[in-house]
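What follows is a single structure, written as structure tokens, with notes after it.
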Amino acid sequence: MPPRRAPWVSWRRCFGGSPSCVSLGLALTLAFFVTLSLLNGSGGGVEEDRLLMERRLAELQSHLDHLRALDKEKSRAFVELRQQVNYLSAMNRTGEMRNGTRIMFFNNFSLTSNDLALPSIYDYLPHLLTKTPVGITPAIKIAPVPRRNVYTVIGIPTIKRPKIGYLMTTLRSLLENLSPEDKEDVLFVVMIAEVDGAESAFVQEQVAEIRGEFSSAIDSGLLEIIVPSSTWYPPDLNSIPSTFDDPPDRMYWRTKQNLDYVYLMMYCQQRGRYYMQLEDDVVTKVGYMGKVREFIASRTDGTWLMLEFSSLGFISKLFRTADLPMLTEFLLMFYREKPVDWLLDLVFTVRYCNPEKSVKQCRQTINNHRIRLKPSLFQHIGVQSSLSGKVQKLKEKDFGKQPMHKPHLDNPPAKVSTSLKAYQKYTLENAYKGESFFWSLLPQAGDFVRFDFDPPIRLQGFIFRSGNQEHPADKFYNASVEVKYVADEQPAAPPSATEADAGFVHITTFTSSGTAQADFNSNSDRLVSALRLIVHSESENWLILNEIWIRFSG
């Protein structure tokens with residue numbers, strides 16, 4: 001009789017990644033946590049315990065679905081590799097391996113076999129057959145600490161807008177309104193989608209600006225930046241046949257948008273349990289991710305396909321990452337035929353509607369699987385659309401009012417002055433005290449905003465932000481920050497930026513998002529007597545200074 005195998009030998013195979021063992025592990029994990037939940041009741045009433053248990057079960061079921069999706073992906077990759085090895089071995093045995101044979105199988109291009117050809121992304125984007133792996137590999141990927149298995153991945157596609165961009169305002173709102181706890185379990189992925197890829201000057205400028213202002217978020221793994229390769233896009237993108245009588249520029253815009261969304265979803269699919277799609281021109285409420293978590297937990301039946309946290313466009317649509325393969329394939333099938341929001345509506349119609357029922361019944365059925373939280377957590381702030389010439393003024397009516405300025409009450413004592421004409425009550429004095437923002441009429445070359453410190457200060461850093469959510473275009477466009485150090489006890493020059501004041505030193509310029517900031521060595525002994533913001537060219541817009549923060553030591 002053969003010796004009995006030690007029980008841990010079989011378990012050892014499970015840790016090697018056997019799909020069946022992974023499924024068994026998932027079932028045991030779910031059973032363990034359900035039992036643990038039963039033992040650790042809330043201590044409240046029966047009804048309260050029941051509701052709590054339903055939420056816990058819903059969360060565990062969602063996590064189980066995510067793990068099953070990962071298991072499925074691993075199984076698919078294993079089958080794919082095995083088929084490729086068998087196919088190549090067969091060709092080698094029969095002498096069919098010729099110089100002309102495509103070596104694409106080594107690069108995991110398709111699941112082709114001798115008898116059955118399975119569909120793949122190359123059926124929808126055949127130009128990638130000769131471009132892979134370059135075509136599906138990001139041309140730029142900035143992810144020093146790649147995160148995996150987070151709770152929510154938030155994808156933000158962005159492109160160059162004709163006049164004004166909103167991305168930096170969006171990122172600032174998302175990061176500042178995120179609780180410390182959620183920062184550990186969220187991943188933001190910004191995709192800069194320009195057809196020129198890494199060669200685009202706009203891409204290089206945008207990457208530098210994001211890295212400059214959000215370096216800590218990038219270094220911690222909270223924020224990643226990707227740029228698709230230029231070869232991701234089909235060569236006929238500029239000549240897509242028109243549907244619904246759309247002109248060529250709109251056909252190009254909406255077709256590229258479909259491909260952008262698909263690329264971003266595929267990149268984010270294996271990074272977390274849930275995926276939220278945002279746009280690059282939104283702001284959010286404080287603590288928004290906590291409300292997202294609560295809403296997910298409240299859907300105890302688990303039958304939803306999409307949760308919405310805004311009623312507009314493709315803003316804040318949340319899916320299980322396990323459902324993204326179905327969604328991306330649907331978008332790819334019809335990316336040339338219809339815009340992305342129409343295709344999203346069709347996903348629900350095709351999946352849930354009975355053609356023998358009425359339109360009203362169809363809508364009622366869809367509402368069981370497409371559920372919106374009210375009031376909205378996100379507000380659309382963009383006016384200038386990414387489609388040239390299109391103005392988009394849609395707003396969430398139930399979002400509520402948000403602060404239009406960020407006050408700082410710890411600025412140093414200073415005499416403030418400006419050559420700009422203030423609008424109504426929005427004076428520089430009130431802005432410096434944190435009571436409102438500063439709003440002025442059209443800036444001209446030579447206009448200034450100045451702060452004279454008495455006594456002089458040791459400057460540790462500063463932040464000046466212009467524009468706000470309602471008027472993002474009212475910002476500094478061509479302006480810089482200068483400081484004047486105390487030297488030889490010379491008297492300060494009069495507060496006029498039109499003369500060549502001796503002693504002022506250039507520190508930094510305002511970025512395209514209308515922000516200027518700097519940090520200095522806190523041990524510096526150099527005293528600063530004045531600081532000024534100076535305009536170098538005429539502006540077409542008014543000016544809003546919504547944040548003034550001058551950090552100092554005595």
Side-chain angles (χ1 to χ4, degrees), residues 47-48 51-52 54-59 61-62 151-156 166 169-170 173-179 181-182 185-186 188 261 272-321 323 327 340-349 351-353 359-383 392-404 468-470:
E47 181 63 19
E48 182 181 350
L51 293 175
L52 179 61
E54 287 182 354
R55 288 196 175 190
R56 288 180 178 176
L57 285 172
E59 291 178 357
Q61 184 61 50
S62 174
Y151 187 77
T152 306
V153 186
I154 299 179
I156 310 166
Y166 308 93
T169 300
T170 296
S173 177
L174 289 170
L175 294 172
E176 290 179 354
N177 291 331
L178 197 65
S179 69
E181 296 78 16
D182 286 323
D185 208 15
V186 174
F188 296 96
Y261 287 12
R273 292 170 58 185
Y274 300 101
Y275 172 78
M276 178 185 287
Q277 176 89 27
L278 280 182
E279 294 184 6
D280 64 349
D281 55 351
V282 301
V283 292
T284 188
K285 293 181 177 178
V286 176
Y288 62 97
M289 272 309 303
K291 295 180 176 63
V292 169
R293 285 177 176 268
E294 290 175 3
F295 193 57
I296 293 174
S298 69
R299 311 314 305 176
T300 56
D301 56 6
T303 60
W304 59 271
L305 176 62
M306 181 178 76
L307 301 181
E308 300 183 82
F309 301 91
S310 169
S311 65
L312 304 176
F314 221 118
I315 298 174
S316 64
K317 312 305 182 193
L318 184 136
F319 308 87
R320 298 179 181 88
T321 52
D323 291 323
L327 183 59
V340 67
D341 50 344
W342 292 10
L343 292 178
L344 182 61
D345 290 338
L346 280 174
V347 168
F348 289 89
T349 302
R351 184 163 182 169
Y352 298 113
C353 286
V359 174
K360 181 179 179 180
Q361 289 172 312
C362 174
R363 189 179 301 112
Q364 291 173 344
T365 302
I366 289 177
N367 288 339
N368 293 328
H369 305 279
R370 179 176 184 167
I371 306 167
R372 183 190 163 206
L373 173 68
K374 298 179 181 180
S376 300
L377 296 181
F378 298 86
Q379 177 64 286
H380 180 251
I381 62 171
V383 176
Q392 188 71 278
K393 295 185 177 181
L394 296 176
K395 297 286 185 182
E396 292 287 358
K397 296 180 180 179
D398 61 358
F399 183 76
K401 283 287 185 179
Q402 291 292 294
M404 293 296 106
N468 64 19
Q469 298 169 17
E470 292 187 356

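These values consider heavy atoms only, across backbone and side chains, with no hydrogens, waters or symmetry-generated copies.
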Check: After noting the C-alpha distance and the side-chain angles of D323 and Y275, does the key distance pass the side chain to side chain contact (heavy atoms under 4.5 Å, CB included) rule?
Finding: CA-CA 10 Å; D323 291 323; Y275 172 78; over 6 Å; no
Checklist line | Worked check of side chain to side chain contact (heavy atoms under 4.5 Å, CB included) between L174 and I156 | finding: CA-CA 11 Å; L174 289 170; I156 310 166; 3.5 Å; yes
Margin query: Walk me through whether I154 and M289 qualify under side chain to side chain contact (heavy atoms under 4.5 Å, CB included).
Written below: CA-CA 11 Å; I154 299 179; M289 272 309 303; 4.2 Å; yes
Check: Can you check side chain to side chain contact (heavy atoms under 4.5 Å, CB included) on L175 and F188, steps first, answer last?
Finding: CA-CA 9 Å; L175 294 172; F188 296 96; 3.8 Å; yes
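Judged by distance alone, the side chain of Y352 and the main-chain N or O of N367 form no donor-acceptor pair under 3.5 Å. S173 places a side-chain N or O within 3.5 Å of a backbone atom of T284 that can act as its donor or acceptor partner. At distances below 3.5 Å, not a single donor-acceptor pair connects side-chain atoms of K285 with backbone N or O atoms of Q379. In this structure a side-chain-to-backbone donor-acceptor pair under 3.5 Å is missing from S310 to S316. For T170 (side chain) and D280 (main-chain N/O), a donor-acceptor pair under 3.5 Å exists by modelled atom type. With T321 contributing its side chain and R273 its backbone, the two residues share a donor-acceptor pair below 3.5 Å. Proximity of a side-chain donor or acceptor of S179 to a complementary backbone N or O of G287 within less than 3.5 Å is not detected.
I366 has its side chain within reach of C353: a pair of non-hydrogen atoms, C-beta onward, lies under 4.5 Å apart. Contact of the S311 side chain with the R372 side chain is registered, since non-hydrogen atoms from C-beta on lie closer than 4.5 Å. In this structure, the side chains of Y261 and L343 stay at 4.5 Å or more apart for every pair of heavy atoms. Between V292 and L373 there is no side-chain heavy-atom pair separated by less than 4.5 Å. Contact annotation: the side chain of L278 never approaches that of F309 to less than 4.5 Å [non-hydrogen atoms, C-beta and beyond]. Between W304 and L318 there is a side-chain heavy-atom pair separated by less than 4.5 Å. For the pair M306 and V347, the minimum side-chain heavy-atom distance is 4.5 Å or more. Put simply, the side chain of H380 reaches to within 4.5 Å of the side chain of D281, judged on heavy atoms.
E308 contributes atom CD, which lies 12.5 Å from atom CD of Q277 (distance to the nearest 0.5 angstrom). To the nearest 0.5 Å, atoms CD (E294) and CZ (R299) are separated by 13.5 Å. With values rounded to the nearest 0.5 angstrom, K374 atom NZ is found 10.5 Å from F295 atom CZ. Between the OH atom in Y274 and the CD1 atom in I296 there is a gap of 5.0 Å [rounded to 0.5 Å].
Ring-plane geometry between F314 and F319 is classed as tilted, the angle between the planes lying from 30 to 60 degrees on a 0 to 90 degree scale.
Ion pair K317/D341 not flagged as a salt bridge, since none of the NZ, NE, NH1 or NH2 atoms sits closer than 4.0 Å to an Asp/Glu carboxylate oxygen.
The nearest pair of heavy atoms linking G272 to V153 is N-CG2, 3.6 Å. In terms of heavy atoms, I315 sits closest to F378 at CG2-CB, 4.0 Å. Residues T365 and H369 approach most closely at O-CD2, 3.1 Å, considering heavy atoms.
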